[in-house]
Amino acid sequence: MLDARGRSCPEPVIILKKAMISQENSYTILVDNKTALENITRYAEHNGYQVAFTQSNDDFTMILTKK
Amino acid sequence: MNLKNEKTAIILAGLLIGVISALLVVFGNPANMGFCIACFIRDTAGALGLHQAAAVQYIRPEIIGLVIGSCVIALVKKEFIPRGGSSPMTRFALGFFVMIGCLMFLGCPYRMVLRIAGGDMNAVIGLIGFIAGILVGVFFLNRGFTLKRTYSLPKIESAIFPTAQIVLLILLITAPAFIFFTAVDGGPGAKHAAILISLGAGLIVGILAQRTRLCMVGGIRDVILFREWKLFFGFAAILVAAFITNLITGHFSLGFIDQPIAITDGLWNFLGMLTVGFGCVLLGGCPLRQLILAGEGNTDSAITILGLFAGAAIAHNFAMASSSKGPTFNGKIGVIIGIIVILIIAVTNTKKEKLA
């Protein structure tokens, strides 16, 4: 589980980028704003992952799965 | 989310913003300065008497419009989230020195684009410095630079900055004696579009920038970091639209010499914008983006803008701001100190971890 809540642009994507070096089939990442949600979605899709997310209060739990 | 629609949206927004920016000059704003976040914050600081440079004192409605536009659309879209607490003093200091860099070059990254669109080749040198500064910033980001996380805050905390914009608007309209306005023909501060036009332009650009996450520093940073072009397309669209509008309205003049409100000193144009690029990468966004984020309830960005205000006031009080005559000695010292301070902030906030 990666926690990118509260991080300003572009740190959430950098956190994911570093984690993706290990080429897992699935990642779970927490973010707390729409910009980070969009940025993570874009980066994940460009790198061959499908994105699904659930929202509770201000937090988004994003599940990325390799296509 | 549809990635293709997202790109189309930011290109259309950028084109509209470019046209609006160029038209503001036709309506009365200084040349190549339809928008300039740094210059306009500086003018507003002067109007409040924070500095005494009589040529640059005016409460710029564009700034007010940007914040209010972002705030209203964020509220409508449920994206107004009170946040803060991510190294506020460091952000203030970064904002301060970003302004010193801007006032060396004479423009923020947004005006840099508009200056290039007006044919000012000095701004191309500035762009090279800006990219160099972004590269240095990205070096630290890749090594774990962070100003730590933000936290949720009470709504009132985030309402203060947008409310202050309303107060500024009232001060502009009522023009009490304690507010300073540049005398007619007294300098750039006297050149402005009508209040409603400036305010409307700010509101529209604020809404568009909030929806598209437009950011000048982000445009170049994301290409370098992630090969991600979305924000860059916004940047490019503004340039193209402003360029074409300038050609039509007769405000295009190619060259280095006699450019409006610019210096021709290549080294200091480069170093000024290097300071801006470096500082803005560490802040997570350009001055325009900071205004938009402050409108969305981000108090770290509001603090950054206060840093920009303080930087503008001190830059003029200490004779650090450039003028059309060129850079000042004090300004050069200020930029060198700025680069050193930003470098110290970068090094001390970078975790000791290696990119595998």
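As the structure is a computational prediction, the values presented were derived from the model and not from experiment. Convention: sequence-line order gives letters A, B, ...; per-chain numbering from 1.
- No donor-acceptor pair under 3.5 Å is formed between the side chain of A:Lys34 and the backbone N or O of B:Lys78.
- At least one side-chain heavy atom of B:Arg83 sits less than 4.5 Å from a side-chain heavy atom of A:Asp32.
- With a 4.5 Å cut-off on non-hydrogen atoms, B:Lys230 touches chain A through its side chain but not through its backbone.
- Between atom OH of residue B:Tyr151 and atom CZ of residue A:Arg5 there is a gap of 10.5 Å, rounded to the nearest 0.5 Å.
- Counting heavy atoms from C-beta outward, B:Leu141 and A:Pro10 have side chains that approach closer than 4.5 Å.
- Of the two parts of B:Ser86, neither the backbone nor the side chain holds a non-hydrogen atom closer than 4.5 Å to a non-hydrogen atom of chain A.
- Atom-to-atom distance recorded for A:Asn33:CG and B:Glu296:CD is 8.0 Å, nearest 0.5 angstrom.
- Salt-bridge check for B:Arg149 with A:Glu11: failed, with every basic side-chain N at 4.0 Å or more from each acidic carboxylate O.
- Among A:Asn47, A:Asp58, A:Val13, the residue with the largest count of heavy-atom pairs under 4.5 Å with chain B is A:Val13.
- Around the NZ atom of B:Lys77, the shell of radius 6.0 Å holds no more than 12 heavy atoms that belong to other residues, nucleotides or ligands.
- Put simply, CG on B:Asp222 and CZ on A:Arg42 are 7.5 Å apart, with the number rounded to the nearest 0.5 Å.
- Inter-residue side-chain proximity for B:Arg221 and A:Cys9 is flagged as met; some heavy-atom pair is nearer than 4.5 Å.
- The part of B:Leu147 that comes within reach of chain A is its backbone (N, CA, C, O), which places non-hydrogen atoms under 4.5 angstrom from that chain.
- Listed for the A:Lys18 side chain is a donor-acceptor partner under 3.5 Å among the backbone atoms of B:Asn142.
- Between B:Glu228 and A:Tyr43, every side-chain heavy-atom pair lies at or beyond the 4.5 Å cut-off.
- Counting non-hydrogen atoms of neighbouring residues, nucleotides and ligands closer than 6.0 angstrom, the NZ atom of B:Lys155 reaches no more than 12 such neighbours.
- Residues A:Glu38 and B:Glu6 meet the side-chain proximity criterion, which asks for heavy atoms closer than 4.5 Å.
- Heavy atoms closer than 4.5 Å to chain A are found in the side chain of B:Arg91, but not in its backbone.
- Interface residue B:Leu225: backbone and side-chain heavy atoms are both found under 4.5 Å from chain A.
- Atom OG of B:Ser152 sits about 9.0 Å away from atom CG of A:Asn57, to the nearest 0.5 Å.
- Expressed to the nearest 0.5 Å, how far OG of A:Ser8 lies from CZ of B:Arg289 amounts to 10.5 Å.
- Atoms CD1 and CZ, on A:Ile14 and B:Phe226 in that order, are 4.5 Å from each other to the nearest 0.5 Å.
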